[in-house]
Amino acid sequence: MGPNRVDVVMDAMRVTFLGTGTSQGVPRIGCGCPVCVSLDPRDRRTRCSLYVQSPEMSWVVDTGADFRTQCLREGVLKVDAALYTHAHTDHVLGFDDLRPFCHIDRPLPLYGSAATLGQLAQMFAFAFDPVIRVPGYVHPLPKVVEGEFALGDIRVEPLPLPHGRTTSTGYLFRRRGVPLLAYLTDCKTVPAEVAEAVVGVRHLVLDALRKKPHPTHLSIGEALEVVERVGAGTSWLTHLCHDHLHEELEAELPSGVRVAYDGLRLEI
Ligand SMILES: [Zn+2]
Ligand SMILES: [Zn+2]
Ligand SMILES: [Zn+2]
């Protein structure tokens with residue numbers, strides 16, 4: 001029995017952080033800084049991705065370059081859909097490893113903004129173009145998100161987030177009206193209407209690259225301001241670079257704010 005097998009008595013949602021690192025991952029190739037050589041497994045961060053299981057359906061948010069090794073590491077056996085935040089390479093380069101989840105050419109729903117899905121179709125034309133695609137490749141079923149949609153029992157609300165020249169899509173997951181999880185990665189700000197939409201969510205996951213400001217990502221200080229506005233049960237920082245040791249950073253954070261790490265699992 002795989003570790004991610006859905007149990008009969010499963011809670012509303014099980015969330016596994018497949019990756020929590022910034023675009024180059026941590027350790028960064030060739031870097032000898034204290035974080036990159038740390039022996040703490042929580043300082044080894046692969047590219048950002050989330051795996052969500054509900055009793056009815058399982059899905060991933062983003063498929064970065066580490067997607068295959070993440071699936072093997074966490075025993076991911078079932079993916080019924082992929083949701084994309086945006087088409088930056090660190091979030092999409094593992095696209096081709098969705099192949100095992102299109103077994104016998106099953107079309108796989110891919111959710112994202114029109115812009116994101118358009119970029120994916122350009123990058124992976126061999127799969128998206130029905131003239132070239134052959135059975136065995138990923139079989140995309142593009143689903144442009146324009147408003148709320150359902151994944152089994154879970155209602156999903158897409159939330160646009162400014163991310164430099166790009167708009168990334170955050171996702172709020174609700175079950176029976178209860179906001180369970182908001183996943184807001186790759187953003188420079190969280191606009192007021194998005195913060196309002198996720199107020200009181202049980203778990204808030206936020207981009208928090210590093211302490212030093214960055215032109216397209218929330219810094220840790222900026223993320224903590226969002227935490228204040230949202231008032232989630234627990235807030236989790238993700239998309240971290242190699243500036244801070246997990247243990248040291250977590251010790252500095254206010255109560256209710258944690259640092260996510262690869263393999264972290266939440267039962268919600
Ligand atoms: Zn990213
Ligand atoms: Zn480093
Ligand atoms: Zn990005």
Side-chain angles (χ1 to χ4, degrees), residues 17-51 60-70 82-95 97 110-120 122-124 145 158-171 182-191 194 204-220 222-223 226 236-249 259-262 264:
F17 287 79
L18 297 180
T20 59
T22 190
S23 53
Q24 294 197 49
V26 182
R28 201 156 142 169
I29 294 172
C31 185
C33 80
V35 177
C36 287
V37 301
S38 162
L39 297 177
D40 184 341
R42 297 170 303 175
D43 287 320
R44 302 189 79 81
R45 300 183 185 278
T46 58
R47 266 57 73 89
C48 268
S49 177
L50 201 69
Y51 180 51
V60 284
V61 184
D62 293 330
T63 54
D66 302 305
F67 180 58
R68 175 177 170 275
T69 41
Q70 292 165 340
L83 279 57
Y84 284 95
T85 59
H86 64 308
H88 282 167
T89 51
D90 55 320
H91 297 257
V92 304
L93 279 188
F95 171 85
D97 290 310
L110 305 180
Y111 294 86
S113 68
T116 298
L117 292 178
Q119 285 169 295
L120 281 173
Q122 274 188 334
M123 294 167 91
F124 306 107
V145 295
L159 304 163
L161 299 165
H163 179 40
R165 282 189 224 159
T166 305
T167 299
S168 80
T169 305
Y171 292 99
Y183 187 68
L184 311 181
T185 190
D186 290 64
C187 51
K188 176 58 195 169
T189 58
V190 172
V194 173
L204 171 69
V205 185
L206 271 181
D207 184 2
L209 184 73
R210 62 187 188 199
K211 287 185 183 171
K212 209 172 107 189
H214 185 276
T216 66
H217 288 274
L218 288 170
S219 67
I220 290 164
E222 288 163 342
V226 179
W236 299 91
L237 307 184
T238 192
H239 210 292
L240 285 102
C241 76
H242 63 159
D243 280 14
H244 311 289
L245 287 164
H246 180 100
E247 196 169 5
E248 284 183 13
L249 178 60
V259 183
Y261 53 89
D262 286 27
L264 167 67

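Every value quoted in this text rests on a predicted model; they were computed, and no experiment measured them. Order of listing sets the numbers, starting from 1, for every ligand and every atom in it.
Listed by chain and residue number, nothing satisfies the ring pair (Phe, Tyr, Trp, His ring centres under 6.0 Å) test with Tyr84 (two or more places apart in sequence, or in another chain).
Legend: salt bridge (Lys or Arg N to Asp or Glu O under 4.0 Å) pairs involving residues 27-43, not counting sequence neighbours, sorted by first then second residue: Asp40-Arg42.
For the Zn ion (ligand 2), the neighbouring protein N/O/S atoms at less than 2.8 Å, given as residue and atom, are Cys31 SG, Cys33 SG, Cys36 SG, His242 ND1. Under 2.8 Å from the Zn ion (ligand 3), one finds the following protein N/O/S atoms: His86 NE2, His88 ND1, His163 NE2, Asp186 OD2.
Tyr183 and Tyr171 have their aromatic ring centers separated by at least 6.0 angstrom.
Just one residue in the list Lys212, Lys188, Lys211 forms a salt bridge (charged side-chain N to carboxylate O under 4.0 Å, His left out) with Glu222, and that residue is Lys188. Each of Thr238, Thr20, Thr22 was evaluated against Arg45; a single residue qualifies, Thr20, per the side chain to side chain donor-acceptor pair (under 3.5 Å) test.
At a threshold of 4.5 Å between non-hydrogen side-chain atoms, the residues Thr185 and Val205 do not count as touching.
Note: His217 and His239 have tilted aromatic rings, judged against thresholds of 30 and 60 degrees for the angle between ring planes. Using cut-offs of 30° and 60° for the angle between ring planes, the Tyr261 and His246 rings count as perpendicular.
More than 12 heavy atoms of other residues, nucleotides or ligands shown are found within 6.0 angstrom of CZ on Arg210.
With 3.5 Å as the limit, one finds no donor-acceptor pair spanning the side chains of Thr85 and Asp186.
Take the N/O/S atoms of His239: the one nearest the Zn ion (ligand 1) is NE2.
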